[in-house]
Amino acid sequence: MALQSDKSISRVSELTTREGETVKLRGWVYAIRSSGKIAFLQFRDGTGICQLIVSENDMSGDEYNLATGLGIETSVQVEGTAKVESRAPGGVELIVKHLTVIGQSEDYPIGRKEHGPDFLLDKRHLWLRSPKQAAILRIRSSVEHAARLFLHDEGFFEFNSPILTPTACEETTLLFEVDYFGLSAYLTQSGQLYSEAGITALERVYCFGPSFRAEKSKTRKHLTEFWIVEPEMAWFDAEDNMEFQERFIKAMVAYVLEHNEKDLTLMKRKPEDIDLSAKAFEIITYDDAVKDLKANGFKTEWGRDFGAEEEAHLIKKMETPFFIYKYPVEARAFYIERDPSDDRLALSSDTFLHGEYGSEICTGGQRASSVEFLEEQIRRLKLNLEDYEWYLDIRRYGSVPHSGFGLGIERTVRWICGLHHVRETIPFPRMLKRLSP
RNA sequence: UCCUCGGUAGCUCAAUGGUAGAGCAUCCGGCUGUUAACCGGAGGGUUGCAGGUUCAAGUCCUGCCCGGGGAGCCA
């Protein structure tokens, strides 16, 4: 008989509605406490946690000895009576009558006490099982699902851009190079240039996938492989782009608030900490940000992007997410449109989440429309013009004003969960010094 | 790449230059409502690696390796 067709199996999430009934559960035992002739097994399946009560009053001596001798993380099938019980972690427990071991587990390396990050990351394949880690991954899944739902409702098509690319999107020193039948290829940093081709066919597209950056960064905001969702829209200017980002970010957070209440509680993250529904994102110009920083004692030079301390100052003082808009042209990517009213400025914005766990989560802007300007920019950065001929063709044949942005999933999840480091927001983080597991 | 802190039992950490320890985990025993349970006992060490100083080095010095935090850069 196929395992899934066994309709007699229940799941932990149903238990509160099955009070007094005999139910079967399948899952993992993640902790055991015993007190004489009664033992408390902490149990979980994919839907939640409950407590198993094991006592010789309710089961045979052999099964009792089996149950109390289980190793941490043994997988089991149990049968017993469901009971709502305020003393039980999770609020519900099962008085066990029968227990069968499905998969043994001896000397499970992750204990109930503290561990260091290096040890936990070495054991990441097991660490994922910890309730907090599982909660983070459920929230991550919600964020990704909410992004797709929202974009679908807004008339977007998911557009799969290539992972192997022949050229740099931005700076060449940060690329991972791979051998492609004797040619050099690079792991993608962004699908944006390809999405710009996509909008001429579909008007609104987004790519959603991994981005690879060979940055030698060791900070709590950086991974060498991270996931990015990049909407690109025809007939959007830079301000439409910001208005859209605000609705997009609010939709993702609202979805998590609606669907991950227990997970947020486990993270000790209060709904009011992340509820953005009543907040308007502020737009600050680069000029004003520089003035503010200078007034606060920073030696900020006009024309450069902000450093970590400057960024932290701006994030800390804000009580809503915000945009920094109209950066100097030289501080932005080559494909950004200039401000028609001041050609020193780029129609580009960065988007920041505020507060203790805030950081830059999006970069975006209006794309340049002039072939001549783009050629000049490509030469300035000493990129190979031939590699970009296809990209310039988008301007040569029926170009339209268009904008887009990229949003970093890990930094967004980090903010929602209130996490110190982005490494916990992805199942298997890739960092400067870590390629396994 | 640079700055900074660290590497001691399976894990988290102690240890004035002078006998290498604790808590947790593991194993044995006790406890009928535990909440990272608790109580008693046992086993468990090439102090990251290689040199050096010293009567004596986990401790001081040099080099290397590995990791944490940060910078630059970025989502």
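Lettering follows sequence order; numbering is per chain, from 1. Every heavy atom of this structure was used, including side-chain atoms; hydrogens, water molecules and symmetry mates were not.
Residue-level contact check: A:Asp350 touches neither bases nor backbone, having no heavy atom under 4.0 Å from any strand. Residue contacts shown for A:Arg304 are limited to sugar-phosphate atoms, with no base heavy atom under 4.0 Å away. No engagement by A:Pro109 is indicated, since no non-hydrogen atom pair under 4.0 Å with the nucleic acid exists. Here A:His115 lies in heavy-atom contact (under 4.0 Å) with sugar-phosphate atoms only. Here A:Glu309 lies out of heavy-atom contact (under 4.0 Å) with every strand. Contact annotation for A:Leu223: base contact, defined as any heavy-atom pair under 4.0 Å involving a base atom. Contact annotation for A:Glu106: no contact, since no heavy-atom pair falls under 4.0 Å across all strands.
At a threshold of 4.0 Å, the pair A:Glu232-A:Arg367 counts as salt-bridged, since one of the basic side-chain nitrogens sits closer than that to a carboxylate oxygen.
Summarising the geometry, atom OH belonging to A:Tyr388 is positioned 8.5 Å from atom CG belonging to A:Leu381; distances are rounded to the nearest 0.5 Å.
Looking at the side chain of A:Arg411, the nearest of the listed nucleotides B:G68, B:C11, B:A75 is B:A75. Checking B:A36, B:G67, B:G68 against the side-chain heavy atoms of A:Lys218 singles out B:G68 as nearest. Taking every side-chain heavy atom of A:Arg423 into account, B:G68 is the closest of B:U1, B:G68, B:U32. Residue A:Glu215 has its side chain nearest to B:C74 when only B:G33, B:U12, B:C74 are considered. Taking every side-chain heavy atom of A:Phe226 into account, B:A75 is the closest of B:U32, B:U34, B:A75. The A:Phe119 side chain lies nearest to B:C11 when the options are B:U1, B:C11, B:A75. Proximity note for A:Phe40 (side chain, C-beta onward) versus B:C73, B:A75, B:U34: the nearest is B:U34. In this structure, the nucleotide among B:U34, B:C74, B:C31 sitting nearest to the side chain of A:Glu311 is B:C74.
Results of the side chain to side chain contact (heavy atoms under 4.5 Å, CB included) test with A:Cys50 over A:Asp45, A:Leu25, A:Leu41 single out A:Leu25 as the only residue that passes.
Under the 3.5 Å distance criterion, with hydrogens and angles disregarded, a donor-acceptor pair is assigned to the side chains of A:Arg332 and A:Ser348. No hydrogens or angles considered: a donor-acceptor pair under 3.5 Å links the side chains of A:Tyr391 and A:Glu196.
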(request) With pairs defined as Watson-Crick or G-U wobble and both distances under 3.5 angstrom, please note down RNA chain B as a dot-bracket string, | for pairing with another strand. (result) (((((((..((((....[..)))).(((((.......))))).....(((((..]....))))))))))))....

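Annotation: A:Glu19, atom CD; neighbour count of heavy atoms from other residues, nucleotides and ligands within 6.0 Å is above 12.
Of the two residues contacting RNA chain B, namely A:Pro117 and A:Arg87, the nearest-nucleotide position lying further toward the 5' end is that of A:Arg87.
Sorted pairs that involve residues 24-39 of chain A and meet salt bridge (charged side-chain N to carboxylate O under 4.0 Å, His left out), not counting sequence neighbours, are lacking altogether.
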